[in-house]
Amino acid sequence: MKKTHFISISMAFILLSAIACNKDKHPIDDVPPTIDGGFAGAFPKQCGILKRGESFTFRARFTDNVELGSFSLDVHHNFDHHSHSTELGECTLEPVKAPVNPFVLIRSYDIPAGQQSYEAEITIPVPADVDPGSYHFMIMVSDHTGWTDMKGLSVHITE
């Protein structure tokens, strides 16, 4: 009887050890996603030009080591020369001015579940009556667990 009890305890210990050593099916995500705006066809780029009354196609590639979640775009005027650019190159700024009818775009987009890489392509119209001038084009991406990355570009809206 003692042998059977000892064997049962030994088997339980071996089974628990095997379960504890089994790799987790959901790895810990401790790496933020990335934004790639440097590939051929990516748009806009630092110091890019957008035209009033025309549409442009936003293109960027997002990657994550586990799973992407969502991305958002924020376009707003830089008529007061504030800064949150993440790019090295400086763009020529127009003189400081007060906004009358600035272009504003704030949108969020879900990325399909299970994606580690996603290429976004969105057509965005620029109204004909918005103020021309210096703008910021902010791109933010979040992965499935909440890590984020941001890219801040300076762009110009022209006639």
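- How far CG of D110 is from CG of L68: 11.5 Å, rounded to the nearest 0.5 Å.
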Open item on the list: Using the rule given for salt bridge (charged side-chain N to carboxylate O under 4.0 Å, His left out), can you reason through E159 versus R52, listing the C-alpha separation, both sets of side-chain angles and the distance that settles it, and then say yes or no?
Closed with: CA-CA 6 Å; E159 297 294 327; R52 294 188 329 165; 2.8 Å; yes
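- Taken together through direct or relayed side-chain contacts under 4.5 Å among Ile, Leu, Val, Met, Phe, Trp and Tyr, W147 and I111 form parts of separate hydrophobic clusters.
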Open item on the list: Would T57 and F43 count as a side chain to side chain contact (heavy atoms under 4.5 Å, CB included) here? Give the steps.
Closed with: CA-CA 7 Å; T57 302; F43 190 83; over 6 Å; no
Open item on the list: Checking I157 against V130 for the side chain to side chain contact (heavy atoms under 4.5 Å, CB included) test, could you report, in this order, the C-alpha distance in whole Å, the side-chain angles of both residues, the deciding distance, and whether it holds?
Closed with: CA-CA 9 Å; I157 294 181; V130 298; 4.3 Å; yes
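- Contact annotation: the side chain of F103 approaches that of V75 to within less than 4.5 Å [non-hydrogen atoms, C-beta and beyond].
- Heavy-atom minimum distance, H156 versus C91: NE2-CB, 4.2 Å.
- Taking each heavy atom of E119 and R61 in turn, the nearest pair found is OE1-NH2, 3.2 Å.
- When atom types are taken as modelled, the side chain of D131 and the backbone of N101 share a donor-acceptor pair closer than 3.5 angstrom.
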TODO: Please report the C-alpha distance between H77 and H136 in whole Å, then the side-chain angles of each, then the deciding distance to 0.1 Å, and finally whether the side chain to side chain contact (heavy atoms under 4.5 Å, CB included) criterion is met.
DONE: CA-CA 6 Å; H77 76 81; H136 283 145; over 6 Å; no
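- Counting only heavy atoms from C-beta outward, the side chains of I49 and V155 never approach each other to under 4.5 Å.
- Using bins of under 30°, 30° to 60° and over 60° for the plane-to-plane angle, the ring pair F62/Y118 lands in the parallel bin.
- Side-chain contact check for V141 versus T148: every heavy-atom pair is 4.5 Å or farther apart.
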- [ ] Begin with the C-alpha distance, continue with both residues' side-chain angles, and end with the deciding distance and a verdict on side chain to side chain contact (heavy atoms under 4.5 Å, CB included) for I35 and K151.
- [x] CA-CA 7 Å; I35 301 168; K151 184 176 285 285; 4.0 Å; yes
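- Using a 4.5 Å heavy-atom threshold, the side chains of Y135 and V126 count as separate.
- Between F56 and F137, the ring planes are perpendicular. Angles over 60° get that label, and only those under 30° would be called parallel.
- Minimum interatomic distance between S142 and P33 (heavy atoms only, all atoms of both residues): C-CG, 4.1 Å.
- Using a 4.5 Å heavy-atom cutoff, the side chains of N65 and D29 are in contact.
- Relative orientation of the H76 and H82 rings is parallel, given thresholds of 30° and 60° on the angle between their planes.
- Residues M150 and F58 do not share a hydrophobic cluster, clusters being chains of Ile/Leu/Val/Met/Phe/Trp/Tyr side chains in contact below 4.5 Å.
- E94 places no side-chain N or O within donor-acceptor distance of the main-chain N or O of S134, the cut-off being under 3.5 Å.
- The line from OG of S72 to OH of Y109 is 9.5 Å long, rounded to the nearest 0.5 Å.
- Residue K51 qualifies as open at atom NZ: its count of foreign heavy atoms under 6.0 Å is 12 or below.
- Separation of atoms CG (D143) and OG1 (T145) is listed at 3.5 Å; rounding is to 0.5 Å.
- Side chains of T158 and L50 form no contact here, defined as non-hydrogen atoms less than 4.5 Å apart.
- Side-chain contact between P125 and S55 is present, with heavy atoms from C-beta onward closer than 4.5 Å.
- Following chains of ILVMFWY side-chain contacts shorter than 4.5 Å, one can reach I122 starting from L153, so the two form part of one hydrophobic cluster.
- Taken from CG in L105 to CE in M138, the straight-line distance is 13.0 Å, to the nearest 0.5 Å.
- Counted by atom type alone, T63 and T34 present one or more donor-acceptor pairs between their side chains at under 3.5 Å.
- L93 contributes atom CG, which lies 6.5 Å from atom OG of S154 (distance to the nearest 0.5 angstrom).
- Applying the salt bridge (charged side-chain N to carboxylate O under 4.0 Å, His left out) criterion to E90, with sequence neighbours excluded, gives no partner residue.
- Between A42 and G38, the shortest heavy-atom distance links the atoms CB-N, 4.3 Å.
- Between atom NZ of residue K45 and atom CZ of residue R59 there is a gap of 11.0 Å, rounded to the nearest 0.5 Å.
- The minimum heavy-atom distance linking F71 with A120 is given by the pair CZ-CB, 3.6 Å.
- You'll find the side chain of V31 stays beyond 4.5 Å of the side chain of V66, heavy atoms only.
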